[in-house]
Amino acid sequence: MPVYRAKDGVLQLPDSSEEWKEGFTFIQAADCQLGMTWSCRGAGGYGENNGYQDNPEYENSTWNHEIRWCNSFVSMVNKMEIKPKFAIMCGDILDAWPNNGEVALRVRDKQYVDFQKIFKELDIPLVCVCGNHDVGNSPTEETVDKYRSDFGDDWFSFVCNGVFCIVINSQYYHDPQFVPEIAAEHDSWLDEQLKIAESGKYKHSILFQHIPWFLNAPDEPKVYYNFPQPFRENMLKRLSDAGISKIFCGHYHRNAGGWYNDKMELIVTSAIGLQQGTDRNGFRVVSVAEKSISHEYVELDNIDE
Ligand SMILES: [Zn+2]
């Protein structure tokens, strides 16, 4: 089915029922990032992300690795005996930056076509979350508009079988300097969603985002992949106070995660795409029961080169 799009802050799933009926599963994945392998290797150095856009070969770059990994994901999910209610891709959908010149934009458009072609084969709804590669590390009005025309709203909420799901765009917290009004709008919208979570109307309230607040522990030092203090602590407290019980993230290209206050778990899921640690490409199967939520990382089949 076509990739799902949110409109006016709401995403409608086939099962958007407000009432809890029975336990169910969904799939959480991240960073399919079509093109990343070429970006990291094409400029002549694995892991070197600099300078690839100046490589004359960039215009003709390919992403066969990512196509194979994404196809493996789609076929594994389609074969699941218990059909998950939805799958969610927690950001960095495409690798080519939307704000890095015309060549990158042309490459990105090709990555977008392939992404749509692969994921329309998925038998369950795919929900997209905005990552740094999707609007740029410092989003602008142009990159946000481009994202919205390609993928629909970049922040929204949805309900599935009595569970409340909030999707935020973590880039507005990473660097709002060029879009202060949009970032403020996003933050006050989040406040409204947290009031709904706090009302206790739903069995669980969960959050999806790209950049994790922390990787392993709420009080760890600032590194490239997390948020600085004291902002991190303020956000974690705000989310936990509202009754958010799980936060699912990507961005790290490795598995990680930890707990805040023993009440709220943050889960970092490694990539469908290129790995930056020792995990293997994969995704997470999340099982939602009436009183608890559990999750398990599943490696992709047939991923060796
Ligand atoms: Zn990222």
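Each residue takes its place number in the sequence, starting with 1.
If you check the side chains of His133 and Gln33, you find a donor sitting under 3.5 Å from an acceptor. For Asp31 and Tyr252, the side-chain atoms include no donor-acceptor pair closer than 3.5 Å. Looking at Thr143 and Asn99, their side chains never bring a donor and an acceptor atom within 3.5 Å of each other. Side-chain atoms of Asn169 and Gln171 form no donor-acceptor pair, as typed in the model, at a separation below 3.5 Å.
One distance of note links NE2 of His186 with CD of Gln193; it measures 9.5 Å at 0.5 Å rounding. Summarising the geometry, atom CZ belonging to Phe283 is positioned 9.5 Å from atom CD belonging to Glu296; distances are rounded to the nearest 0.5 Å. Glu198 contributes atom CD, which lies 10.0 Å from atom CD1 of Ile244 (distance to the nearest 0.5 angstrom). For the atom pair OG of Ser17 and CG of Asn161, the computed distance is 5.0 Å after rounding to the nearest 0.5 Å. Here the NZ atom belonging to Lys7 is positioned 8.5 Å from the CG atom belonging to Asp153, to the nearest 0.5 angstrom. Atom CD1 in Ile196 sits 11.5 Å away from atom CG in Asp191 (nearest 0.5 Å).
The hydrophobic clustering, which links ILVMFWY residues whose side-chain heavy atoms are closer than 4.5 Å, places Met235 and Val223 together. Both Met80 and Phe73 are assigned to one and the same hydrophobic cluster, defined by single-linkage of ILVMFWY side chains at heavy-atom distances under 4.5 Å. Linking ILVMFWY side-chain heavy atoms closer than 4.5 Å, directly or via other members, places Met36 and Val103 in a single hydrophobic cluster. Leu105 and Trp63 are members of different hydrophobic clusters when ILVMFWY side chains are connected at heavy-atom separations under 4.5 Å.
Cluster partners of Val286, by chain and number: Met1, Tyr4, Leu11, Leu13, Trp20, Phe24, Phe26, Phe86, Ile88, Val127, Val129, Phe156, Phe158, Val163, Val167, Ile206, Phe208, Phe248, Ile267, Val288, Ile293. The rule joins Ile, Leu, Val, Met, Phe, Trp and Tyr whenever side-chain heavy atoms lie under 4.5 Å apart.
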Leu34/Cys70 under side chain to side chain contact (heavy atoms under 4.5 Å, CB included): CA gap, chis, key distance, verdict: CA-CA 9 Å; Leu34 278 71; Cys70 291; 4.0 Å; yes
Derivation and outcome, salt bridge (Lys or Arg N to Asp or Glu O under 4.0 Å), residues Lys263 and Asp241: CA-CA 10 Å; Lys263 279 197 307 194; Asp241 285 353; 5.2 Å; no
Verdict with supporting geometry, Lys79 and Asp301, salt bridge (Lys or Arg N to Asp or Glu O under 4.0 Å): CA-CA 12 Å; Lys79 276 188 218 146; Asp301 288 337; 5.5 Å; no
Test log, rule side chain to side chain contact (heavy atoms under 4.5 Å, CB included), inputs Ile93 and Tyr112: CA-CA 9 Å; Ile93 298 161; Tyr112 179 76; over 6 Å; no
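Within 6.0 Å of NZ in Lys117 there are 12 or fewer heavy atoms belonging to other residues, nucleotides or ligands.
Checked by atom type and distance alone, the side chain of Arg232 pairs as donor or acceptor with a backbone atom of Phe227 at under 3.5 Å. No donor-acceptor pair closer than 3.5 Å links the side chain of Asp187 to the backbone N or O of Ala183. The closest donor-acceptor contact from the side chain of Asp279 to the backbone of Arg254 lies at 3.5 Å or more, if one exists at all. Formation of a donor-acceptor pair under 3.5 Å by the Ser170 side chain with backbone atoms of Ile211 is found in this model. Between the side chain of Lys110 and the main chain of Asn60, no donor-acceptor pair closer than 3.5 Å is present. Side chain of Thr25 to backbone of Ser287: no donor-acceptor contact under 3.5 angstrom is found. One N or O on the side chain of Gln229 and one on the backbone of Pro218 form a donor-acceptor pair closer than 3.5 Å. Of the possible polar contacts, one joining the Asp134 side chain to the Gly131 backbone as a donor-acceptor pair under 3.5 Å is found. Of the possible donor and acceptor atoms, one in the side chain of Arg5 sits under 3.5 Å from a partner among the backbone N and O of Ser149. Side chain of Gln275 to main chain of Ser270: no donor-acceptor pair is present (N/O by atom type, distance under 3.5 Å, no hydrogens or angles).
Minimum interatomic distance between Met76 and Val298 (heavy atoms only, all atoms of both residues): CE-CG1, 3.8 Å. Shown here for Trp189 and Ser157, the closest heavy-atom pair between the two residues is CZ2-N, 3.9 Å. Heavy-atom minimum distance, Lys85 versus Cys160: CB-SG, 3.7 Å. Nearest heavy atom pair, residue His210 against residue Asn132, reads NE2-OD1, 2.9 Å.
With sequence neighbours left out, the side-chain hydrogen bond (donor to acceptor under 3.5 Å, both in side chains) criterion links Tyr172 to Asp154. Under the side-chain hydrogen bond (donor to acceptor under 3.5 Å, both in side chains) criterion, Tyr58 pairs with no residue, sequence neighbours left out.
One finds a salt bridge joining Asp150 and Arg108 here, because a Lys/Arg side-chain nitrogen approaches an Asp/Glu carboxylate oxygen to under 4.0 Å.
Residues Phe231 and His174 place their aromatic rings such that the two centres sit no closer than 6.0 Å. The aromatic ring centroids of Tyr225 and His253 lie 6.0 Å or more from each other.
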